[in-house]
2 protein chains.
Amino acid sequence: MATIEDVARRAGVARSTVSYALSGKRSISRETRERIEAAITELGFTPNAGARALATSQTMVIGLFVQFFEDEFSPAMLQYVLPISDAAREAGYDILMVTESDGAHAVQRISSSGMVDGVMLLNVAYEDTRLPVMHKMRQPGAMVGLPRDPDGFDVFDLDFPESGRILVDHLAERGHREIILITPRGDVYERGGAYAWRFRDAALERAASYGIRVKSYFGETTQPAINQQLNEILDARQETAMIVHNDAVIAALPSVLYSRGIRVPDDLSVVGVFSEDFGRLFSLPYTAVETSPNKLGRLAVQALVQRMLSPEIATATRVELVPPHITDRGSTR
Amino acid sequence: MATIEDVARRAGVARSTVSYALSGKRSISRETRERIEAAITELGFTPNAGARALATSQTMVIGLFVQFFEDEFSPAMLQYVLPISDAAREAGYDILMVTESDGAHAVQRISSSGMVDGVMLLNVAYEDTRLPVMHKMRQPGAMVGLPRDPDGFDVFDLDFPESGRILVDHLAERGHREIILITPRGDVYERGGAYAWRFRDAALERAASYGIRVKSYFGETTQPAINQQLNEILDARQETAMIVHNDAVIAALPSVLYSRGIRVPDDLSVVGVFSEDFGRLFSLPYTAVETSPNKLGRLAVQALVQRMLSPEIATATRVELVPPHITDRGSTR
DNA sequence: CTGAAAGCGCTTACAG
DNA sequence: CTGAAAGCGCTTACAG
């Protein structure tokens with residue numbers, strides 16, 4: 001591999017001149033620049049990223065920490081990863097994707113060895129074990145998902161309480177007085193998936209204010225348990241509407257309803273919480289709160305990039321709950 | 001951040017001694033080692049990855065190049081990414097995941113800057129534009145998916161021709177004489193997704209040898225086109241069996257069949273090509289060739305790691321077509 | 001407008 | 001068993 005030294009020799013200049021030609025940090029005479037450019041082309045020179053990182057203390061890499069839980073539905077994750085990767089690249093950063101099950105250890109390992117300029121967390125739990133490590137590392141951090149202690153980070157999340165409320169409002173306006181609510185699985189609550197109870201508590205409270213009765217179930221996440229549970233729920237059903245806040249359940253819902261001959265919205269009103277892409281993937285004909293993974297991912301990257309560029313704001317805390325928006329697919333009475 | 005110099009000073013030894021204590025590449029007296037270890041703990045020292053990479057020419061990072069095509073079904077991709085990431089970590093490597101749409105440029109950029117020790121390609125096309133770059137780069141490469149010119153790389157793929165044959169055999173043995181075949185979308189052929197025609201050609205040839213008539217369709221990949229096409233195919237159907245080699249179509253199939261009252265296998269035999277995880281995700285009750293993304297991903301990583309460790313084999317070519325295996329879910333006559 | 005040199009934080013022959 | 005020093009390939013004050 002050609003080094004900057006090779007280029008300098010070939011162009012008959014000093015290494016520093018080549019470096020400045022590359023960075024544009026000082027003006028170079030036309031002639032010199034052309035000789036350097038020619039040499040670079042002829043030698044096929046690309047600066048070595050490791051050497052550059054060592055000299056500048058900048059790797060131009062963002063660490064993306066993803067956790068996969070057995071009890072969660074994986075396709076949703078990709079919706080965040082892709083926009084994050086794209087947004088990072090647009091800002092000139094590459095993505096080191098880390099999927100180790102011991103997330104705290106992974107963050108520690110990657111941040112302390114200086115492999116990345118910033119850390120991005122996905123699938124954040126309320127008491128996330130990665131947060132203590134994040135607080136001590138020298139790089140700035142951002143995340144999608146609201147933890148208990150977001151101090152010093154950029155945090156983006158859907159406004160889940162408001163999501164719960166507007167779905168209840170939507171059904172209340174249409175006269176429903178008894179509602180089924182299917183939530184994430186119980187484990188998610190125990191693990192501290194804040195989105196689960198933030199959504200549910202707000203929905204229950206709003207329903208109570210209307211005098212609406214809500215029957216709440218922890219949804220399953222794997223087959224055949226999903227279908228079995230749905231059938232049991234539907235066997236016992238007296239309610240006229242259903243709110244589903246569980247990706248795996250809503251993905252399975254159309255076939256279960258078909259098989260039972262339950263028509264939506266004539267026999268049952270259904271609303272959910274999922275992204276447009278997710279809905280398209282599973283052909284879901286249900287009105288839903290859009291979860292905007294795309295938007296959340298991009299916002300988080302942009303905020304993180306800002307933070308990496310200006311250490312002054314490195315200690316500020318920014319929590320942004322994106323307002324929910326209902327996509328009406330006509331699945332309610 | 002503490003450096004190796006800080007540790008050396010604190011332990012009262014030379015930098016080199018600390019380095020050797022870290023790597024274990026020469027014996028250190030008990031006392032000295034203990035002093036060094038204490039210093040490391042007290043200072044919270046972790047070697048700087050960039051400096052190490054510069055000194056050793058090893059980054060311990062694998063570049064994973066993923067392409068997302070509009071006309072392909074994304075959830076399948078994650079099934080490869082996860083096992084690859086896990087297998088890499090087990091071997092001591094991290095994953096730089098690159099999703100740029102210009103794959104050739106991305107490989108060029110990452111490999112020439114020395115950010116990775118090896119390159120892994122996913123979603124490989126027959127005439128993959130990334131291959132020419134791969135042939136010129138200095139790092140070893142591996143891929144999942146068979147290109148026209150695999151020279152010098154480790155290539156792993158499902159044996160698609162054999163997959164097509166055993167599915168035809170499976171239906172032939174059960175007496176089917178007329179079969180519907182739904183393939184990937186036409187674009188995939190044009191783009192050079194070899195798995196598409198390798199599977200189809202072999203299936204058609206085997207069917208011909210039995211005197212079985214096959215009606216072949218390019219499947220759609222997005223709703224509502226999928227359902228519409230399926231309905232048209234089923235309206236015109238005279239066949240007794242269906243082979244589906246298209247993720248998006250098979251994911252949508254259960255609800256279409258439900259809605260038309262077509263029972264499997266009583267009214268129609270159905271077989272597909274998908275992984276166990278994929279089948280679980282979409283609750284697919286169909287007999288299928290297992291695509292083993294898990295196995296393919298891990299094999300490719302292991303081969304790549306071998307290659308990175310022993311430059312002697314760096315020029316060898318290894319093409320491994322994993323024999324297909326049918327998972328019988330009772331969806332045929 | 002350009003060069004010579006120090007320094008980033010490691011590893012590894014070379015010496016003893 | 002341990003140290004002093006060169007070198008990996010860049011960037012950036014410092015000088016002119």
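We name chains A, B, ... by the order of the sequence lines, and we start the count at 1 in each one.
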Can a donor-acceptor pair be found, under 3.5 Å and without considering hydrogens, that links the side chain of [X] to the backbone of [Y]?
{"X": "Gln79(A)", "Y": "Asn294(A)", "value": "no"}
{"X": "Ser310(A)", "Y": "Arg307(A)", "value": "no"}
{"X": "Ser111(B)", "Y": "Val107(B)", "value": "yes"}
{"X": "Thr17(B)", "Y": "Val13(B)", "value": "no"}
{"X": "Thr291(B)", "Y": "Ser275(B)", "value": "yes"}
{"X": "Asn123(B)", "Y": "Val66(B)", "value": "no"}
{"X": "Thr317(A)", "Y": "Gly152(A)", "value": "yes"}

By side-chain hydrogen bond (donor to acceptor under 3.5 Å, both in side chains), Glu34(A) pairs with (sequence neighbours left out) Arg30(A)
In whole angstroms, the gap separating C1' of dA5(C) from OH of Tyr20(A) amounts to 12 Å
How long is the line joining CG of Asn48(A) and P of dC8(C), in whole Å?
-> 18 Å
Using the salt bridge (Lys or Arg N to Asp or Glu O under 4.0 Å) rule, take Arg33(B) and Glu31(B) through it: C-alpha gap first, then chi angles, then the decisive distance, then the call.
-> CA-CA 5 Å; Arg33(B) 191 175 347 102; Glu31(B) 283 184 45; over 6 Å; no
Give the residues of [range] touching DNA chain D, defined as any heavy atom closer than 4.0 Å, sorted by residue number.
{"range": "residues 23-47 of chain B", "value": "Arg26(B), Ser27(B), Ile28(B), Ser29(B), Thr32(B)"}
{"range": "residues 2-18 of chain A", "value": "Thr3(A), Ile4(A), Arg15(A), Ser16(A)"}
{"range": "residues 49-61 of chain B", "value": "Leu54(B), Ala55(B)"}

Residue pairs meeting salt bridge (Lys or Arg N to Asp or Glu O under 4.0 Å), one or both in residues 99-110 of chain B, sequence neighbours left out, come to Asp94(A)-Arg109(B), Glu100(B)-Arg109(B)
Applying salt bridge (Lys or Arg N to Asp or Glu O under 4.0 Å), run through Arg10(A) and Glu5(A) and close with a yes or a no.
-> CA-CA 9 Å; Arg10(A) 177 144 193 158; Glu5(A) 172 69 40; over 6 Å; no
Using 4.0 Å as the upper bound for N to carboxylate O, is an ion pair formed by Arg89(A) and Asp86(A)?
-> no
Pair assignment for DNA chain C - dot-bracket with | for other-strand partners, Watson-Crick or G-U under 3.5 Å = |||.||||||||.|||
State which residue, out of Asp154(B), Asp128(B), Asp157(B), Leu131(B), fulfils the side-chain contact (heavy atoms from CB on, under 4.5 Å) condition with Met143(B).
-> Leu131(B)
